[in-house]
Amino acid sequence: MSEKKPREPMQRRIAYAQLVFNHPILKEDRMTRCRYYGMLNYYCKRLFRITKYGKAILSYYKTFFNIERQSHNKKQLSTRLRVTLLLDIVHIAGYNSSFINSSVLKSFRFDSKLFAILDGLFSNLCYENIMWDELMNNKYVQAEAEWIECMRRNVAFSRKKPFKIMVTATMSAGKSTFINALVGERVASTNNLACTGRLHYIYSKPVDDFLIGKWDRQIVLDAQNSILNKNEETQERISYESIYYKGRLSGKQCMILDTPGVNSAEYHIHGECTNNAIKCGAFDALIFLINYEHIGTDDEVAYLSFIKQYVSERVPLIFCVNKVDSKKRADMALEEKMSDVKEYLKMQGFQDAIIFFVSSRSAYLHRVRDYLQDEDDLDDLESLTKKIKRSTNLVTLYSSIKPIYIEKSDDSFEYQCGIGYIEDYIIKLMLEKGKE
């Protein structure tokens, strides 16, 4: 029996940034924080039905703001905190502001100028509304402009659907490392086992709130590394997670769908899970990973046949040949290898395939280099960086073959290892789809 999914608008809320680290209430004393939290609870219960997501935010606020108990003190909050309170209420409601009318605004006792600004804002809550600028320039909340701007970017995310990228491969193609490289953070387990037994939706956040959100059986807004290294067979068949992407996709409204390996001899249900997701077709682009060292296996050929049959021709297909850093000196030149891959894919029915080479391990280590502590990882980064620059520099490859789908080049390491080209192409597709 398949797991029940949250409705589309609800599941996407995991992608909203939780703006606690620069929250205005942190400047206040304990009693004021308790009073603020009490009023926040009161208004949320009075104005709308609090969802599972809203309860998770309130619970996290209580922990983060160190609220021991709610205060029902009737003393009025400052104007700055009343504006903050109003925006927090809308945040907890998932940026549905339909319940904010003149009567509700009057209960907050704003002066006429601030009332007009907020009334104009909530009558058309969208990123482009100029009342955001009016609000951030208002003398009462000018000091909280950065926090308000983050709210504004959350609003933009709430109004548009993300660009959905499915990533799929046979086992040992390095899919998890590739996803970690795109995100710029370790969000997928990289064990050499058939460890991914579920559909794993990884949403980008509009701003960096330093949190990893998770939604499967429960909602955890501060999951951090607890999403990793669990027994996958005990988890839900679908997991929604969110993080601020650290790569070139940072701030972009996109979602990566990580799928189980399709050729596990032990877990046949993994392949069925992925095949059903492909047949469903709920994605805007599909990235198919190929292992540089093992191209053309029977499992891969069979899977490519399935892709050819069930993926619409209208969906962009991106073939990424991973682990290019495994190239030996005696191996054929990268230009010849690219030509061979192109012919191989033609034989599988993919004419004029979009093909990228990439060293995901190099890209990932480069992006997290400031946080590396493991000596093996540090050694890997040093040796891979030297090898990429010396013998598998993909800037040199693309400069020689000049593929039409590469519009620009750069000599930074992100391009040398290939990840920059892939991200540029994804952004191009997002622009064409109107989802950038």
Side-chain angles (χ1 to χ4, degrees), residues 163-169 173-175 178-179 181-182 245 247-250 252-254 256 281 283-292 295-296 300-301 303-305 307-309 311-325 327 331-360 362-363 388-389 391-436:
F163 186 80
K164 299 178 181 179
I165 308 158
M166 176 182 278
V167 181
T168 192
K175 176 170 60 67
F178 175 78
I179 289 171
L182 275 182
Y245 290 12
R248 303 179 71 80
L249 298 176
S250 61
K252 307 296 182 186
Q253 189 156 351
C254 59
I256 295 171
F283 46 89
D284 298 298
L286 187 143
I287 295 178
F288 190 100
L289 244 65
I290 298 172
N291 189 333
Y292 182 92
I295 297 175
E300 185 175 86
V301 170
Y303 192 31
L304 284 170
S305 176
I307 296 287
K308 183 66 180 174
Q309 181 179 356
V311 176
S312 169
E313 292 184 358
R314 295 190 296 272
V315 174
L317 277 176
I318 307 169
F319 294 96
C320 294
V321 182
N322 194 21
K323 304 186 181 183
V324 67
D325 50 87
K327 178 184 179 299
D331 291 348
M332 66 176 68
L334 290 177
E335 289 84 354
E336 294 178 73
K337 189 76 169 183
M338 177 69 84
S339 180
D340 280 2
V341 173
K342 190 168 290 189
E343 287 302 313
Y344 161 65
L345 290 173
K346 275 186 181 180
M347 290 176 62
Q348 312 312 317
F350 300 97
Q351 304 296 320
D352 302 317
I354 305 298
I355 306 167
F356 292 94
F357 281 3
V358 64
S359 169
S360 297
S362 303
I388 293 292
K389 290 183 175 181
S391 59
T392 52
N393 189 330
L394 296 175
V395 173
T396 304
L397 168 67
Y398 293 127
S399 297
S400 64
I401 64 175
K402 295 182 173 62
I404 59 172
Y405 49 85
I406 289 182
E407 298 180 346
K408 65 177 183 178
S409 188
D410 191 309
D411 199 34
S412 69
F413 190 75
E414 291 184 337
Y415 285 91
Q416 291 172 8
C417 69
I419 199 72
Y421 291 111
I422 297 168
E423 290 169 325
D424 283 347
Y425 189 71
I426 290 171
I427 293 169
K428 176 176 178 287
L429 293 176
M430 291 178 71
L431 287 167
E432 291 172 355
K433 193 95 172 180
K435 291 190 177 183
E436 198 275 332

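Everything numeric in this text was worked out from a predicted model, so none of it was measured.
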Could you tell me which residues satisfy side-chain contact (heavy atoms from CB on, under 4.5 Å) with [X], sequence neighbours excluded, listed by chain and number?
| X | answer |
| --- | --- |
| Lys408 | Arg248, Tyr415, Asp424 |
| Ser409 | Val395, Tyr421 |
| Ile354 | Phe356, Tyr405, Tyr425 |

Rounded distance [0.5 Å steps], [atom1] in [X] versus [atom2] in [Y]:
| X | Y | atom1 | atom2 | answer |
| --- | --- | --- | --- | --- |
| Phe288 | Leu304 | CZ | CG | 4.0 Å |
| Leu394 | Leu334 | CG | CG | 6.5 Å |
| Leu345 | Ile355 | CG | CD1 | 5.0 Å |
| Leu182 | Cys254 | CG | SG | 8.5 Å |
| Phe283 | Thr168 | CZ | OG1 | 9.0 Å |
| Leu397 | Phe357 | CG | CZ | 6.5 Å |

Pairs satisfying side-chain hydrogen bond (donor to acceptor under 3.5 Å, both in side chains), at least one member in residues 393-404, at least two apart: Glu335-Ser400

Within residues 340-357 or reaching into it, pairs that qualify as side-chain hydrogen bond (donor to acceptor under 3.5 Å, both in side chains) - sequence neighbours excluded: Glu300-Tyr344

Asp284 side chain near Leu429 side chain, heavy-atom distance below 4.5 Å: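 Sidechains of Leu429 and Asp284: no contact.
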
Test item: Ile165 and Ile318 side chains (from C-beta on) under 4.5 Å apart, heavy atoms: no

Greater than 12 external heavy atoms within 6.0 Å of Met347's CE: no

Chi angles and distances behind the side chain to side chain contact (heavy atoms under 4.5 Å, CB included) call for Val358, Val324: CA-CA 6 Å; Val358 64; Val324 67; 5.7 Å; no

NZ or CZ of Lys337 within 45° of Tyr292 ring axis and under 6.0 Å: yes

Among residues at least two apart in sequence or on other chains, which ones pass side chain to side chain donor-acceptor pair (under 3.5 Å) with [X]?
| X | value |
| --- | --- |
| Ser360 | Asn322 |
| Ser359 | Asp325, Ser362 |
| Asp411 | Gln416 |

Met332 versus Lys327, closest heavy-atom pair with distance: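 Where Met332 meets Lys327 most closely, the heavy atoms are O-CE, 3.3 Å.
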
Lys428: salt bridge (Lys or Arg N to Asp or Glu O under 4.0 Å) partners, not counting sequence neighbours: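 Expected list: Glu432.
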
